[in-house]
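See structure below.
Sequence lines set the chain letters: A, B, ... in the order given, protein chains first and strands last, and positions in each chain run from 1.
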2 protein chains.
Amino acid sequence: MTARDSTDDPVFRALADPTRRALLDALFERDGQSVQALCAQVPEMTRFGVMKHLAILEEANLVIAHRDGRSKLHFLNPVPIQQLADRWIGKYARPFTRALTGLQQQLEGDTSQETA
Amino acid sequence: MTARDSTDDPVFRALADPTRRALLDALFERDGQSVQALCAQVPEMTRFGVMKHLAILEEANLVIAHRDGRSKLHFLNPVPIQQLADRWIGKYARPFTRALTGLQQQLEGDTSQETA
DNA sequence: AGGATACGTGACCATATGGTCACATGTCAA
DNA sequence: TTGACATGTGACCATATGGTCACGTATCCT
């Protein structure tokens with residue numbers, strides 16, 4: 001339920017491809033790269049493939065780009081990943097917290113675990 | 001580079017589907033559910049579809065399952081998500097840290113930003 | 001102006017993916 | 001031991017996805 005109508009679905013999907021993650025890594029190393037510069041870092045693929053991946057990253061708002069003269073510069077936007085970490089991954093990546101909330105629920109007499 | 005030969009690619013791919021995330025959520029709410037119980041929480045899909053998704057989650061090690069009599073019980077395994085958070089997402093979800101390292105590089109006279 | 005450079009678009013193809021079904025297997029309980 | 005129940009398998013199909021290409025447009029430099 002919470003996961004299906006979530007707005008960060010495009011982010012999850014964008015991150016699912018290793019080439020796209022490689023592009024993010026490249027931008028992490030050096031921000032504001034052009035299409036060409038990014039192509040050079042993914043040599044096993046043509047420019048068109050890279051451009052498609054960049055478009056997907058842009059749609060997921062993971063990359064922000066603007067033209068500068070005849071080249072287009074790409075900048076990494078960490079905000080969606082931040083949000084993912086905050087409102088989804090953190091939920092699973094904190095079994096510690098989870099154990100605590102579970103304990104707290106028991107102490108407070110919460111019986112939601114028993115329904116169905 | 002770092003992202004492409006990464007071993008948590010199956011985890012990323014598994015998380016890319018909203019149905020799969022919904023299944024994880026369901027297991028988060030109540031652990032150790034059978035296929036049937038999980039099917040009941042994804043009513044828009046047949047049992048076979050759910051089983052396929054569960055298989056993918058198992059392959060990604062996000063779900064651990066074992067048979068119990070004539071039913072198969074599924075348990076959430078948060079470890080892969082933990083690792084994802086630790087060695088990938090945290091890198092982007094800490095612009096604070098990043099700003100600091102960037103500043104440090106500048107202070108140390110690091111010129112890697114200028115190459116190409 | 002004119003050529004070289006850099007990016008954009010649409011068509012196109014192969015394959016991966018999501019989903020369903022008929023059928024088979026294993027398990028419990030009367 | 002029979003039947004109902006719960007899961008497993010393989011084939012199968014439609015579409016989404018990843019990738020390439022021919023061609024077009026915008027920009028810079030001389």
Side-chain angles (χ1 to χ4, degrees), chain A residues 3-6 8-27 30-60 62-75 116, chain B residues 3-6 8-27 30-60 62-75 116:
Chain A
R4 257 177 294 175
D5 49 10
S6 137
D8 33 40
D9 184 66
V11 181
F12 273 113
R13 300 188 83 95
L15 292 180
D17 188 280
T19 303
R20 251 126 50 194
R21 295 198 299 277
L23 287 172
L24 290 181
D25 278 345
L27 287 181
R30 182 161 53 96
D31 215 0
Q33 296 193 59
S34 69
V35 177
Q36 288 225 319
L38 290 170
C39 281
Q41 307 191 40
V42 190
E44 69 275 13
M45 192 180 305
T46 63
R47 178 173 61 91
F48 309 101
V50 174
M51 280 178 59
K52 271 200 176 180
H53 286 300
L54 286 174
I56 292 175
L57 289 171
E58 277 193 72
E59 281 171 25
L62 282 164
V63 159
I64 298 174
H66 63 84
R67 288 204 70 150
D68 177 28
R70 60 179 154 177
S71 63
K72 185 177 179 184
L73 302 184
H74 299 77
F75 297 87
Chain B
R4 257 177 294 173
D5 50 9
S6 134
D8 32 41
D9 184 66
V11 181
F12 273 113
R13 300 188 84 95
L15 292 180
D17 187 280
T19 304
R20 246 119 61 189
R21 294 198 298 276
L23 288 172
L24 289 182
D25 278 346
L27 288 181
R30 183 160 53 93
D31 215 0
Q33 295 192 59
S34 68
V35 176
Q36 287 225 316
L38 290 169
C39 280
Q41 306 191 39
V42 191
E44 70 274 12
M45 193 180 301
T46 63
R47 178 172 62 90
F48 309 100
V50 174
M51 279 178 59
K52 271 201 176 179
H53 286 300
L54 287 175
I56 292 174
L57 289 171
E58 278 194 73
E59 279 170 23
L62 283 164
V63 160
I64 298 174
H66 63 84
R67 289 205 71 152
D68 177 28
R70 59 179 155 179
S71 63
K72 184 178 179 184
L73 302 185
H74 299 77
F75 298 86

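- Distance alone, capped at 3.5 Å, is enough to place a donor-acceptor pair between the H74(A) side chain and the K72(A) backbone.
- The interatomic distance linking M51(A) (CE) with dA26(D) (C1') rounds to 13 Å, in whole Å.
- Toward the 5′ end of DNA chain C lies the nearest nucleotide of K52(B), the other residue of the pair K52(B) and F48(B) mapping further downstream.
- A residue-by-residue look at M45(A) and R13(A) shows that R13(A) has its nearest nucleotide of DNA chain D further toward the 5' end.
- The CZ atom of R67(B) sits 11 Å away from the P atom of dA6(D) (whole-angstrom rounding).
- Regarding contacts with the backbone of dC7(C), a side-chain N or O of S34(A) is found under 4.0 angstrom from either OP1 or OP2.
- Heavy-atom distances to DNA chain D give each of K72(B) and G69(A) a nearest nucleotide, and the one nearer the 5′ end belongs to K72(B).
- With contacts defined as side-chain heavy-atom distances shorter than 4.5 Å, the pair R70(A)/S34(A) does not qualify.
- In this structure, the side chains of Q41(B) and V50(B) stay at 4.5 Å or more apart for every pair of heavy atoms.
- Using a 4.0 Å heavy-atom criterion, one finds that L38(B) contacts no nucleic acid atom at all.
- Using a 4.0 Å cut-off, no side-chain N or O of H53(B) falls inside it from OP1 or OP2 of dT17(C).
- Going from atom CG of L57(A) over to atom P of dT17(D) covers 14 Å, rounded to whole Å.
- The CG atom of D68(B) sits 13 Å away from the P atom of dG8(D) (whole-angstrom rounding).
- Distances were taken from every side-chain heavy atom of R70(B) (C-beta onward) to each of dG18(C), dA29(C), dT7(D); the shortest belongs to dA29(C).
- For S71(A), taking side-chain heavy atoms from C-beta onward, the closest of the listed nucleotides dG8(C), dG8(D), dA6(C) is dA6(C).
- Using a 4.0 Å heavy-atom criterion, one finds that L54(B) contacts no nucleic acid atom at all.
- Between T46(B) and the phosphate of dG19(C), there is no side-chain N or O to OP1/OP2 separation shorter than 4.0 Å.
- The separation between D17(B) atom CG and dA16(C) atom P is 18 Å, rounded to whole Å.
- Separating the NE2 atom of H66(B) from the P atom of dA6(D) is a distance of 17 Å, rounded to the nearest angstrom.
- Side-chain atoms of R47(A) and base atoms of dG8(C) include a donor and an acceptor less than 3.5 Å apart.
- A donor-acceptor contact shorter than 3.5 Å is absent between the side chain of R20(B) and the backbone of L15(B).
- Of the residues V11(A), L27(A), D17(A), L62(A), the one that meets the side-chain contact (heavy atoms from CB on, under 4.5 Å) test with L57(A) is L62(A).
- Rounded to whole Å, atom C1' of dG18(D) lies 14 Å from atom CG of D9(B).
- L23(B) has its CG atom 11 Å from the P atom of dG19(C), to the nearest Å.
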